[in-house]
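Lettering of chains follows the sequences in order, A, B, ..., and the numbering in each one begins at 1. Being a predicted model, the structure only gives us computed values, none of them experimental. The analysis underlying the following values was restricted to heavy atoms, covering all of them including side chains, and did not include hydrogens, waters or symmetry mates.
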Amino acid sequence: MTTLLGLLALAEGGEHAVEVVTDPGGFVGVLADFAWLIPVVPLLATFAIVLVGKRLPLKGWELAEGAIGFVAIYAVALLIANWVTPMAVEHHIEISRIGSLPGLGDLVLEWGWVVDGLSIMMFTVVGVVGFFVFTYAKGYMEGDVRFTFFFASFSLFAGGMLVLVIAPNLIQLIVGWELVGVASYLLIGHWWEDHDNNAAAIKAFITNKIADVGLFVGVIILGITVGSFRITDVLDAVARHDSALAAVAFWAGLGLFIGAMGKSAQMPFHVWLPDAMAGPTPVSSLMHAATMVTAGVYLVGRMFPLYQTGGMADDVKTIIILAGGATLLLTGLIALVQDDIKKVLAYSTLSQLGYMTAAMGAGAYTAGLFHLFTHAFFKGLLFLAAGSVIHGVHSNNMSDMGGLRRFMPSTYKTFLIGSVALAGIFPLSGFWSKDEILASLSNDASHGGGAAATLVLVLAILGAFITAFYMTRAVYLTFFGEYRGDGHPHESPRVMTYPLWGLAALAAVAGFVNIPGVYTPFTEWLASRIHVMGDHHAGGLNWALALIGTAVALAGIAAGTRLFRRDAATQAERDRFRIPVLYPLLEHKYYFDDLYLNGIVGPIKGPIARFVVWTNQVVIDGVVNAFGAAARFASGYVYGWVDQRGIDLAINVVAAGAGEAGGVVRKAQTGKVQQYAGALFAGAVLLVVGFLIFS
Amino acid sequence: MAFSDWITDARNIVFLVIALTMVGGALVVVTTRNVVHSALTLVVVLGGSAALFLMLGAEFVAWAVILVYVGAVVVLFLFGIMITRAPIGRDSVRLDHERRWPPALIALSVFVVMAWSTTLAFGSEQISGGVIRTDAIGDLLFSRYVIPFEAVSFVLLAALIGGIVLARKDPDR
Amino acid sequence: MIVNQFLVLGALLFSIGVYGVLVRRNAVLVLLSIELMLAAVNINLVAFGAYVDDAVAAGQVFALFVITVAAAEVGIGLAIVVLIFRNRSSANVDELDLMKW
Amino acid sequence: MTSYDPIVAMHHSESQVSVELQTPDMTLNLGPQHPSTHGVLRLIAKVDGERVESIEPVIGYMHRGYEKLAEVRTYPQITALVNRIDWVSGFANEIAFVTAAERLMGLEVPERAQYIRLILTEMTRISSHLLFLSSYPLELGAATPLMFALRDRERLMDLIEGVTGGRFHPNFNRLGGVKPAAGGGSTQKTRVQDLPAGFLADTRVAIEHVYEVCDEIDGLITGNEIFHERTRGIGVIPAAKALEYGVSGPNLRASGVRFDLRKVEDYLPYDRFDWQVPAGTEGDCLDRYLVRLEEIRQSAGIIGQAIDTIPSGPLQAKVPRVIKVPPGEIYVRAENPKGEMGYHIVSEGGRVPYRVKIRSASYSNISILPWLLKGVLVPDIIAIMGSLDFVLGDVDR
Amino acid sequence: MTVALAILDNFWVFLVIKLLAVVLVLLGFSLAIIYAELKIMAHMQARIGPYFAGGRFGWAQPFADALKFLQKEDLVPDEADSPVFRLAPAVSLMSTVAVFVIVPFSPTLIARDLDVGIFYALAVSSIGTLGVLMAGWSSANKYSLMGGLRAAAQLIAYELPMVLAVAAVVVQAGTMSMVGIVEAQGGTALFTIPGTDIGLPFVMVGQIVAFGIFMTAALAELSRIPFDMPIAESELVFGYLTEYSGIRFTMFFLAEYAGMFSMAALATTLFLGGWYLPGLDPTIFGPFVMMGKVSLLVFVMIWVRVTWPRLREDQLQSFAWKWLIPVSLANIMVTAVLKVVL
């Protein structure tokens with residue numbers, strides 16, 4: 001097989017290295033060699049849309065759809081190939097040598113692509129969900145003033161996400177990371193005419209940036225300690241217990257995880273995600289539910305050998321599992337009280353991300369990523385369905401909805417499928433993945449995870465109840481009862497409902513790829529990597545926990561039904577739900593935003609202000625008063641003698657002197673460049689002469 | 001190294017001829033009373049520098065100087081001069097400042113200092129260099145120096161746009 | 001050939017350029033003198049490159065960069081001169097004293 | 001200074017800047033000796049770079065005082081003067097003058113003479129237009145059409161020479177008819193030899209060649225993209241402007257005014273033939289070229305019909321030996337190849353006219369130049385001047 | 001005999017002989033092209049052309065013309081800037097002559113096969129612009145100045161697409177040496193007709209766009225119709241050549257025709273496979289094959305001159321900047337990508 005350099009090799013002089021662990025060979029090998037096309041095609045589509053999009057018949061949508069369709073097909077082909085023969089191929093192309101750091105070798109700027117089970121799974125998620133969402137967005141964004149720009153940004157996001165996923169080195173990963181950040185900023189602020197949307201975009205960006213500091217610190221520590229930014233090299237160093245790395249691994253792992261917390265919106269960085277719902281719903285669906293926010297989980301998965309039990313940074317796991325546990329419960333609770341349907345889903349997303357993170361923290365690599373996989377489908381679906389509702393009702397608020405199942409049957413049915421899947425009811429996909437997480441947590445608790453794992457297991461079971469509860473509430477408030485809004489709701493066009501059905505189908509069956517102990521291809525997909533995972537994965541189906549989980553979910557549904565079933569939507573009825581203490585807490589989202597504003601920004605601002613006031617009041621005023629008193633005493637004396645006789649004379653002399661001198665010196669300021677240049681050269685000569693003489 | 005030793009090398013004779021031509025040309029450039037003559041004499045100096053580059057084995061740079069400087073930069077100069085005003089014969093307008101001695105003094109001291117310091121530093125070190133092939137330079141430009149290369153190309157693009165923006169007439173006016 | 005002969009020639013050309021920059025009134029001539037200085041710099045760079053004779057050919061590559069930047073500088077500089085000429089019907093530097101205090 | 005309004009001040013300063021922002025104008029003298037001025041015309045052009053700011057034609061380098069000369073010449077002598085006005089269409093110049101004199105005298109021109117006049121006029125028209133077809137592409141840089149067009153113009157010149165004895169200055173018209181061939185004299189004999197032997201057959205051949213060369217030039221030039229670039233939308237004369245400046249002939253018709261004196265006036269029997277008046281739509285250089293190309297074909301058609309139907313009969317009406325024109329005043333105009341050619345004759349009854357005022361086509365046609373050339377590029381000056389197809393003799397007289 | 005051989009073996013003597021050969025070849029070809037143009041134009045324009053000079057077919061017409069020019073008075077206008085005026089034709093002629101150094105007629109028949117051959121050719125031919133500007137400015141004539149300015153603007157505008165078109169070829173061939181470029185078209189595995197070892201010239205395998213751009217730019221560089229605005233005699237009398245006469249005019253005249261030859265030779269080398277023709281041994285037939293191809297291109301140039309009108313300066317500029325340069329850039333990109341991928 002000849003070496004296929006790809007476009008990037010145009011930057012001549014770079015070396016092209018291939019690392020093949022499991023060579024698929026043949027056509028599949030070609031497929032893997034050309035995998036660089038996966039991120040490049042959407043990025044090219046972005047440029048093409050920007051350049052010619054507006055002149056195309058469908059205003060650039062066709063380019064975006066074509067690109068994402070290409071990705072979807074390519075990803076599915078790779079998935080099937082990987083299913084048949086597991087593969088793990090890495091390509092690295094040297095772009096430039098950055099130069100060497102003292103004491104270390106050359107740091108090389110590389111570009112490359114890694115094709116293994118993990119990245120293929122992510123391609124599939126991005127490609128397939130993306131394909132449905134792009135299709136849906138055609139209908140949703142129809143008539144928008146910045147229709148073309150929307151798809152350019154969306155395509156940019158897809159490209160960036162794929163750059164991130166395909167990255168075999170940390171620098172490229174950061175490039176992708178920031179590309180999706182930019183795309184997220186652009187898309188959250190898509191309707192920037194409204195100031196709130198603008199603010200939300202900025203908030204998301206800044207929150208992520210703060211967390212990114214952690215990522216950068218982690219990457220720099222790893223790169224400099226190992227001497228290479230290649231993930232493979234880093235993980236090799238981990239595997240051979242490199243002593244230099246061992247010393248800093250905890251901090252590097254923590255830094256990376258902080259970055260992951262930002263992107264995956266773990267507490268306390270979760271505040272940006274609900275606000276990000278200001279963007280168009282397809283954006284919320286693809287980026288802020290299915291793919292982008294899972295980048296953090298992906299990062300942890302990609303660097304998993306670092307975190308795994310026995311890995312160098314396995315102390316971080318406790319932080320990970322606690323962050324996940326806290327997020328999954330607390331954000332789930334907030335979802336209970338939201339009126340905005342997208343916010344409900346957003347907090348639900350936070351909660352589910354908490355599940356994934358917790359699973360990673362429990363060392364359950366497969367379980368966390370499996371939940372990522374299924375969640376992408378059903379949460380993408382839920383957002384799209386919510387978007388369809390919003391499209392029909394022209395409001396985000398559930399208090400303006402109700403009874404929509406009669407008007408929007410397709411949306412209703414698909415939303416219901418998504419909700420049930422999210423709640424984790426057998427046999428839909430959510431059941432399998434959530435159950436695996438519970439099983440893994442329990443497994444971890446009994447295998448050295450300690451109290452943290454046990455605590456989080458309890459939280460997760462509680463979370464399952466809450467999940468079912470708020471989804472039931474959302475379904476009832478939206479689709480049952482009387483219609484409370486204005487106008488006439490209508491079903492969305494077919495370009496929007498077909499993707500709903502497509503995703504609904506996937507949400508229903510996606511769980512069957514990993515039935516513990518029966519049929520587990522998903523586990524095998526993820527296992528095809530260069531570095532072996534020490535996966536704390538529960539081997540079989542934990543019947544007890546499955547039963548408990550299902551029972552809890554059913555209980556949640558029952559409770560929700562009881563509360564919200566019959567015309568639940570009247571305001572008075574819903575107020576029954578307001579628990580005296582908890583409700584305000586939840587409504588204000590645990591005062592996190594207030595905390596940040598008043599707790600972090602405020603304390604910085606406050607003391608400065610107070611200090612200034614204090615200085616002014618006490619120090620300066622005191623000094624001034626003292627001086628005043630002294631001066632009043634002195635002046636009488638001084639006026640007579642010093643001022644009148646001494647100073648006035650001196651001042652007059654000085655003033656006259658200054659005036660004269662100014663007149664003289666001013667002539668040097670001719671404004672003529674050449675005189676300045678002459679002075680410059682003369683000065684340089686004097687300097688050099690001085691240097692030569694005195695050295 | 002004695003001058004007699006130095007001058008016996010045929011290459012040094014060639015160098016001397018070229019160098020004297022260049023210096024003479026350079027003096028004309030800064031003293032002539034005619035703008036166009038000044039620009040045309042600059043061509044002689046640049047041609048001389050290209051010849052020196054050939055002597056030093058820097059073939060690509062030599063032809064690049066011819067192509068860019070003589071073929072484009074000087075032509076651009078002449079173009080600019082002729083568009084603004086193209087005096088034929090002696091220019092009636094004063095081209096120099098009244099006082100010439102202070103600049104001459106500064107220039108002289110710059111020369112003395114530079115020549116002094118290079119002589120101090122290099123004495124009579126021989127040039128060892130052989131020909132560096134053009135493809136080697138190409139490889140270097142695109143690997144080790146790729147970032148400065150991109151930066152320079154960006155500068156050039158910016159200059160292009162800037163030049164257009166500055167020089168074009170606003171069609172509304 | 002010794003290095004210093006090139007370096008001294010470069011110094012001489014450079015200082016002639018300095019003289020031109022300082023003494024010329026016409027902006028175009030100032031630009032021409034700057035070209036002279038840049039040419040001197042190039043001679044030095046290439047001479048150093050031949051002296052060091054390393055594989056990185058930094059001298060020649062930098063000379064190429066200087067040529068490019070000089071081309072950019074001339075483009076912008078001449079555009080400015082043309083603009084000044086249009087505005088003030090004169091390209092004399094000493095009449096441009098807008099920076100004067 | 002009453003009050004300070006910043007907006008007004010800004011506009012004021014901007015307007016000052018816009019006045020300042022101009023490169024110095026250069027005065028470019030095109031002519032009097034210049035390859036493209038068709039004689040001695042001088043254009044004083046103020047150019048900013050290549051763009052013309054203003055243009056001032058200076059005429060009169062060829063002034064020969066024909067109007068004054070005509071006051072001391074007899075009528076037959078004047079015909080020898082007037083065919084030198086537009087020297088590339090000498091025969092056509094004579095027609096309007098003799099018609100005017102004939103009308104004052106009340107002479108009836110025999111039909112055969114009228115046909116001969118018509119055939120020769122149209123041949124002159126074709127030869128004039130062929131000259132345009134050769135010189136205009138040449139001015140735009142294409143040298144080949146010159147050779148093609150002149151080759152076939154030569155056949156027509158030979159035919160005209162065969163009939164009249166002169167290539168450019170035939171001096172063939174007589175008051176009351178045309179001059180018979182050698183030895184014919186001023187008689188009413190019917191069997192006098194008027195046209196040379198084989199003239200009609202040769203004319204047929206020549207016309208076929210004219211059609212051919214038209215097609216050739218059509219293929220070579222008309223479809224050429226560069227030619228279109230140079231001529232389309234260049235030098236547009238709107239119909240109203242053309243009428244305002246008194247532009248006539250093909251230049252007027254190119255602007256869309258379907259006005260042809262051959263249809264309007266009845267100085268020659270054009271109404272007996274089937275032909276069209278071609279006209280353009282845009283009034284640009286391309287249209288002027290196309291109109292002339294089509295006029296050649298129409299004229300060739302007229303000649304073809306005329307030689308098929310030429311009647312036999314006397315060549316001249318009965319005229320007194322000493323020609324004296326009765327007192328009176330008349331203006332007769334005819335369609336010259338260049339446009340409207342008219343003579344205003346004031347007679348006091350003697351052998352010489354009291355006053356002859358010549359209205360020539362080119363003079364009116366180029367009077368539009370200062371308006372037309374404002375703001376064009378220097379190469380367009382040539383393209384536009386060439387497309388107007390003027391002759392300096394016709395301008396200066 | 002041996003002494004003669006020894007003298008020939010000397011580097012300098014051989015160099016002088018080579019250079020003399022170049023100049024003679026150049027003169028011969030230029031005169032031949034002038035004659036060819038006279039005859040071809042005449043026949044295309046339904047004329048016969050020169051007929052008497054030299055007895056048969058007017059073969060001596062170019063010599064007669066040259067003699068006539070040589071014996072004319074060498075006028076220098078009173079107001080002209082005499083040294084510049086006198087130098088301009090030499091600069092112009094020199095730049096075209098210098099190109100001949102690297103024109104290869106066969107694998108061995110080449111004055112000097114430079115490492116950066118084509119780059120040298122482009123650099124040297126760009127000096128011609130300077131000669132034109134000098135001529136235009138020093139003549140102290142407004143037509144000359146306008147012609148010179150037009151020529152300079154035009155040459156700058158067309159230098160770029162030409163260099164870019166050549167760059168695509170260089171990328172594909174992987175060398176700037178003229179011999180190397182020809183050989184890249186002749187012998188490598190990349191461009192052979194399948195089943196044989198006969199090479200295909202570039203123009204058949206993808207550089208057809210660059211070929212078109214190069215020929216267009218060459219016509220513009222030579223100021224030939226349809227790009228002869230600098231000397232457009234119907235507008236600018238004779239542009240920058242207006243004030244020239246006698247031997248200096250002859251030098252410009254010669255420079256134009258030598259330029260035609262050198263541009264055609266460059267195009268042949270870059271795109272048409274130089275001395276290669278399938279089935280013919282390059283060492284023996286190389287020069288003849290090369291000359292045949294060059295003649296073909298020269299004929300096309302003459303043909304174009306006979307057929308087309310000239311463009312306008314601004315149209316030429318916009319054509320160069322808005323079409324040729326983007327197209328040639330795209331061509332480079334496509335070439336580079338294909339080069340890497342294939």
| request: Among E:L130, E:V132, E:T129, single out the residue with the greatest number of heavy-atom pairs under 4.5 Å to chain B. | output: E:L130
| said: Between E:S95, E:P83, E:S126, E:A123, who has the most heavy-atom pairs with chain B when the cutoff is under 4.5 Å? | reply: E:A123
| Heavy-atom contact with chain E under 4.5 Å, split by part of B:V68 | neither
| Relative to chain E, which segment of B:A64 carries a heavy atom at a distance below 4.5 Å: side chain, backbone, both, or neither? | both
| Distance from B:I66 atom CD1 to E:S125 atom OG, nearest 0.5 Å? | 11.5 Å
| In Å, rounded to the nearest 0.5 Å, how long is the span from CE of E:M134 to CG of B:L78? | 9.0 Å
| Out of B:L67, B:V70, B:V43, B:V74, which one pairs with E:I127 under the side chain to side chain contact (heavy atoms under 4.5 Å, CB included) rule? | B:V70
| request: Measure the shortest side-chain to side-chain distance between E:V84 and B:V36 over non-hydrogen atoms and say whether it is less than 4.5 angstrom. | output: no
| message | Contact between B:E59 and E:F119 at the side-chain level, heavy atoms closer than 4.5 Å - yes or no? | response | no
